[in-house]
Protein chains: 2
Amino acid sequence: MAAKKQPPTETVGARIRALRLAANLTQDEFAAQLNVSRSAIAQWETDRAGQVRDNMERIAKVLNTSLGYLVSGETGSLVGDELALMRLYRACSTEDRRILVLTARRLARS
Amino acid sequence: MAAKKQPPTETVGARIRALRLAANLTQDEFAAQLNVSRSAIAQWETDRAGQVRDNMERIAKVLNTSLGYLVSGETGSLVGDELALMRLYRACSTEDRRILVLTARRLARS
DNA sequence: CTCATAATGTCAATAATTCTAACATAGCGT
DNA sequence: ACGCTATGTTAGAATTATTGACATTATGAG
């Protein structure tokens with residue numbers, strides 16, 4: 001049971017650092033682009049502080065990533081049947097969409 | 001050029017409220033699920049405060065949406081309620097998914 | 001190896017933001 | 001009008017972030 005070292009459970013700070021390094025930026029440079037002190041960056045990357053909405057948004061922009069990835073490490077794309085459902089959903093009236101969502105909610109709860 | 005009232009420039013609070021209402025929740029109930037006071041919710045929805053990482057994450061979870069949508073209004077090409085539906089769909093069993101698609105088909109045909 | 005320099009980590013105090021509780025307002029049905 | 005429910009608002013307490021100074025850790029030259 002070697003179990004290497006799964007990185008799916010990374011932390012927010014770890015992702016920030018990884019992205020910053022990938023962009024060949026020093027904490028100093030990075031801080032400059034975000035208009036904060038370098039020590040702030042250091043704390044962000046060590047998950048001490050800084051996880052504020054505004055920051056996250058700017059970080060995502062500067063480092064060309066998405067908020068979803070930065071914060072929860074997720075990415076989202078649709079596969080075949082999911083896409084089909086989306087098409088149908090979009091073809092529905094506002095009211096029917098509501099019904100559909102409610103139905104989904106009920107089913108998902110079982 | 002009537003320009004209906006398309007809300008592309010919605011605010012975070014507006015999205016929270018819209019999603020909460022779509023889920024048929026009162027501020028009280030919503031607050032209970034998030035373990036915060038109900039006045040906190042009121043402030044979030046009026047963009048006074050509350051835009052903290054942790055909150056946003058829980059909100060997204062409870063309301064079945066994504067952080068990206070909550071915070072910046074976008075996620076991939078799915079908008080809020082669409083993403084919510086996808087989440088629910090994914091939470092369903094294979095059989096329930098089938099039911100959902102059939103339902104969607106029927107509704108879409110009206 | 002030693003020194004210099006660059007990069008990053010840490011801490012204390014300050015500044016900024018949020019949270020809760022209590023009160024105020026709006027809306028609805030009887 | 002009255003009661004009831006849902007939501008808005010305010011003040012102060014509590015939490016959290018930011019900064020600046022200092023400590024630590026590379027890295028490379030000589």
Side-chain angles (χ1 to χ4, degrees), chain A residues 5 7 9-73 98 101-102 105, chain B residues 5 7 9-65 67-73 80-81 84:
Chain A
K5 56 83 195 297
T9 328
E10 256 185 15
T11 169
V12 177
R15 281 189 286 272
I16 294 179
R17 166 164 302 167
L19 288 166
R20 172 177 64 78
L21 292 176
N24 272 328
L25 289 174
T26 172
Q27 284 189 347
D28 256 312
E29 302 166 325
F30 191 37
Q33 294 199 44
L34 295 170
N35 273 318
V36 293
S37 66
R38 356 175 179 119
S39 65
I41 303 288
Q43 294 182 73
W44 299 0
E45 294 189 352
T46 48
D47 294 289
R48 253 163 239 264
Q51 325 227 319
V52 156
R53 184 176 102 76
D54 232 55
N55 290 338
M56 299 306 243
E57 254 182 309
R58 282 177 309 175
I59 291 173
K61 193 161 284 185
V62 169
L63 297 181
N64 281 307
T65 188
S66 76
L67 251 170
Y69 174 71
L70 251 197
V71 175
S72 33
R98 204 179 162 67
V101 170
L102 289 177
R105 203 164 263 143
Chain B
K5 58 94 196 295
T9 330
E10 255 185 17
T11 167
V12 176
R15 282 189 285 274
I16 295 179
R17 167 164 303 168
L19 289 166
R20 173 178 62 78
L21 292 176
N24 274 326
L25 289 174
T26 174
Q27 285 190 348
D28 257 311
E29 302 167 325
F30 191 37
Q33 293 199 43
L34 295 169
N35 274 318
V36 294
S37 66
R38 107 195 75 89
S39 67
I41 303 287
Q43 293 180 69
W44 299 359
E45 294 189 353
T46 48
D47 293 291
R48 254 162 237 262
Q51 326 229 319
V52 157
R53 186 175 99 74
D54 231 53
N55 290 337
M56 300 305 244
E57 252 181 311
R58 280 177 311 174
I59 291 173
K61 194 161 281 183
V62 168
L63 296 181
N64 282 302
T65 190
L67 252 169
Y69 175 72
L70 253 195
V71 174
S72 32
D81 52 336

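Heavy-atom basis, side chains included; hydrogens, waters and symmetry copies ignored. Keep in mind the model is a prediction, meaning the values are calculated, not measured. So you know, we letter chains A, B, ... as the sequences are listed, proteins then strands, and number each from 1.
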- Please report, rounded to the nearest Å, how far the P atom of D:dA17 is from the CG atom of A:Asp47.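 Spelled out: CG on A:Asp47 to P on D:dA17 is 11 Å.
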- Item | For atom CD of B:Glu45 and atom P of D:dT9, their distance in whole Å |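 Result: 12 Å.
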Can you check whether [X] has a side-chain N or O nearer than 4.0 Å to OP1 or OP2 of [N]?
X       : N      : value
B:Thr26 : D:dT7  : yes
B:Gln43 : D:dT10 : no
B:Gln27 : D:dT5  : no
B:Trp44 : C:dT18 : no
A:Arg20 : C:dA7  : no

- Message: Heavy atoms only, 4.0 Å cut-off, all strands: where does B:Arg53 land among base, sugar-phosphate and nothing?
- Response: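 Since no nucleic acid heavy atom lies under 4.0 Å of B:Arg53, the category is nothing.
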Of the nucleotides [options], which has the atom closest to the [X] side chain?
X       : options                : result
B:Arg48 : D:dT7, D:dT10, D:dT19  : D:dT10
A:Asn55 : D:dT18, C:dT18, C:dT10 : D:dT18
A:Thr46 : D:dT19, C:dT20, C:dT10 : C:dT10

- Message: Can you tell whether the side chains of A:Glu29 and A:Arg20 come within less than 4.0 Å, N to carboxylate O?
- Response: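 Looking at A:Glu29 and A:Arg20, the cut-off is not met.
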- Between A:Arg53 and A:Glu57, is there a salt bridge with N-O shorter than 4.0 Å?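 Yes, charged N to carboxylate O under 4.0 Å.
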- Establish whether the base of C:dA21 is bridged to the side chain of B:Ser39 by a donor-acceptor pair shorter than 3.5 Å.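 A donor-acceptor contact between them is present.
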- So among B:Ile59, B:Val52, B:Val12, which one has a side-chain contact (heavy atoms from CB on, under 4.5 Å) with B:Trp44?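 It is B:Ile59, the one option of B:Ile59, B:Val52, B:Val12 that forms the side-chain contact (heavy atoms from CB on, under 4.5 Å) with B:Trp44.
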- B:Arg38 NZ/CZ over B:Phe30 ring centroid, <6.0 Å and within 45° of normal: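 Not satisfied by the 6.0 Å and 45° rule.
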